[in-house]
Amino acid sequence: MGYLCCNSVFICFFVLLLTGTISSQQPRCPFNYIYHLGDGVADNGNAIRTLPFGPGLPAARLPYGETYPGRPTGRWSDGRLIIDFAATVLGLTRLKPYLDTNTSSNDGVIFAVAGSPVLDRFFYLNKGVTIPNYAAPLNLQHNWFRRYLMNFVCSTPTECAGRLGDSLLLFGDIEGNDIHYPLLQGKSIQDIQTNYVPFVTQTTINTTRELIRAGAKRVIVPGNVPLGCYPYILSEFPSNDPTAYDDLGCLKSVNNLVLFKNNHLRTSLDSLKLEFPNVTILFADYFTTVKTVLRTSLPSFVNNTLLKTCCGIGGTYNYNRRRFCGSLGVPVCSDPSKYIHWDGIHLTQETNSRISQILVQQLLPALSCS
Ligand SMILES: *[C@@H]1O[C@H](CO)[C@@H](O)[C@H](O)[C@H]1NC(C)=O
Ligand SMILES: *[C@@H]1O[C@H](CO)[C@@H](O)[C@H](O)[C@H]1NC(C)=O
Ligand SMILES: *[C@@H]1O[C@H](CO)[C@@H](O)[C@H](O)[C@H]1NC(C)=O
Ligand SMILES: *[C@@H]1O[C@H](CO)[C@@H](O)[C@H](O)[C@H]1NC(C)=O
């Protein structure tokens, strides 16, 4: 919508009346499509469509989707995701999950699949680290993206470049999985820092470079969230040493690894900017943003539910990976909007909304939107 609709003053006025105040403040941006690669943070229905295991995943069942739209859609939350909120601001809300063959609606496509890492299956096989069978590593999502463009959008490289140039490309959050799979399977922080992180960054940068060479003009590459503040990590690495935790109760060692990884990525993105001075390349700081949301929430979390899971059971953080949200007998909190964490790995709609507001405010000006 937005500036597309204004063929006549009358129609524009009518659309504004229908859609209310958001439209009247809607920014005009120099792109008309969104393409999003990533993991469960942005998955709007791909993992549950991955055969044969997808339809059995938790996100295919209630209480996923209970707040919005009232039924499960494959989103890993009680409701909307960060990208859903951001897309509403941009007026590009019809984002189809790539694996949903039944819709043609098109402001863009989401290729993100929950549980996906950046590094491919071959890499993990060599390291003896298992990744979920439904995961779609970055190279696979990149192939899907190319196939999608060739099959449905454009027939020559010039045409495809035109479409890429008319788009906003989003990566990730996706690299969190490249930290948590080895971490939860017994690899040390030092090992991950030395033998995983450099390849994660290189692969992300190489994929971004290929897309820029193919015509992309605007790319947002997010860093990781503070995994050390997430119930699934906190439950796995309990410590009796109070100095292991920061003032919010997050694990310092894990967050320091994430910061190391994010800084590595940020530095590489700075070099990429020098390589392509005419392309808008943005780093989205999910780490600081989630920390800010946690910190500003502190006063309202009287019974220490700040780092607890809304949908879960047992333990300090109300999280048990063997009795995950969506399983039989696992309770849901009565008001997800009072929680940061939804299922221990993913966030509630309310948290997603707050993260989205902060990031949109930070990034929108750099996208030449007015
Ligand atoms: C496809 O979408 C239509 C209209 O929304 C719906 O009636 C139909 O059941 C869907 N088909 C499948 C296979 O999901
Ligand atoms: C990234 O690209 C560079 C230059 O083409 C290559 O040397 C390197 O091996 C690539 N890295 C990965 C992890 O694919
Ligand atoms: C970047 O933009 C400037 C000004 O529009 C143009 O002269 C230059 O050729 C562009 N450079 C590249 C590498 O596209
Ligand atoms: C906090 O926990 C206590 C004891 O379980 C309970 O009585 C009280 O209602 C709780 N307060 C809130 C605001 O949830």
Strictly distance-based, threshold 3.5 Å: is any side-chain N or O of Asp166 a donor or acceptor partner for the main-chain N or O of Asn32?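 Confirmed, Asp166 side chain pairs with Asn32 backbone.
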
Shortest non-hydrogen separation from [X] to [Y] and the atoms involved:
{"X": "Cys250", "Y": "Leu294", "result": "SG-CD1, 4.4 Å"}
{"X": "Gly38", "Y": "Ser116", "result": "O-CB, 4.0 Å"}
{"X": "Pro226", "Y": "Val290", "result": "CD-CB, 3.6 Å"}
{"X": "Asn224", "Y": "Lys261", "result": "OD1-NZ, 3.0 Å"}
{"X": "Thr351", "Y": "Ile340", "result": "OG1-O, 2.8 Å"}
{"X": "Asn255", "Y": "Cys229", "result": "ND2-SG, 3.5 Å"}

Tell me whether [X] shares a hydrophobic cluster with [Y], the cluster being built from Ile, Leu, Val, Met, Phe, Trp, Tyr side chains joined at under 4.5 Å.
{"X": "Ile358", "Y": "Leu298", "value": "yes"}
{"X": "Leu62", "Y": "Trp342", "value": "no"}
{"X": "Phe324", "Y": "Val330", "value": "no"}
{"X": "Phe122", "Y": "Val118", "value": "no"}
{"X": "Leu282", "Y": "Phe85", "value": "no"}

Is the ring pair Phe145/Tyr35 parallel, tilted or perpendicular, if the boundaries are 30 and 60 degrees? tilted

Tell me yes or no: SG of Cys311 and SG of Cys333, less than 2.5 Å apart?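 Unbridged: Cys311 and Cys333.
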
Flag if over 12 foreign heavy atoms under 6.0 Å of [atom1], [X]:
{"X": "Phe199", "atom1": "CZ", "result": "no"}
{"X": "Arg146", "atom1": "CZ", "result": "yes"}
{"X": "Asn240", "atom1": "CG", "result": "no"}

Return the CG to CD distance between Asn352 and Gln349, rounded to the nearest 0.5 Å. 7.5 Å

Side chains of [X] and [Y]: is there a donor and an acceptor less than 3.5 Å apart?
{"X": "His264", "Y": "Thr201", "value": "yes"}
{"X": "Asp343", "Y": "Tyr64", "value": "yes"}
{"X": "Thr296", "Y": "Arg354", "value": "yes"}
{"X": "Arg75", "Y": "Ser77", "value": "no"}

When you look at Lys273 and Asp270, which way does the salt bridge (charged side-chain N to carboxylate O under 4.0 Å, His left out) test go after all the steps? CA-CA 5 Å; Lys273 286 181 199 167; Asp270 285 341; 3.5 Å; yes

Measuring only between side-chain heavy atoms, which start at C-beta, is Phe237 closer than 4.5 Å to Leu184? yes

Would you please indicate if the ring centroids of [X] and [Y] are separated by under 6.0 Å?
{"X": "His341", "Y": "Tyr319", "value": "no"}
{"X": "Phe123", "Y": "Tyr196", "value": "yes"}
{"X": "Trp144", "Y": "Tyr98", "value": "yes"}

Identify all side-chain donor-acceptor contacts of residues 127-136 below 3.5 Å with residues at least two apart in sequence or on another chain.
none

Any chance you could lay out the side chain to side chain donor-acceptor pair (under 3.5 Å) test for Arg266 and Asn263, step after step, and finish with the verdict? CA-CA 5 Å; Arg266 206 193 274 244; Asn263 286 336; 4.6 Å; no

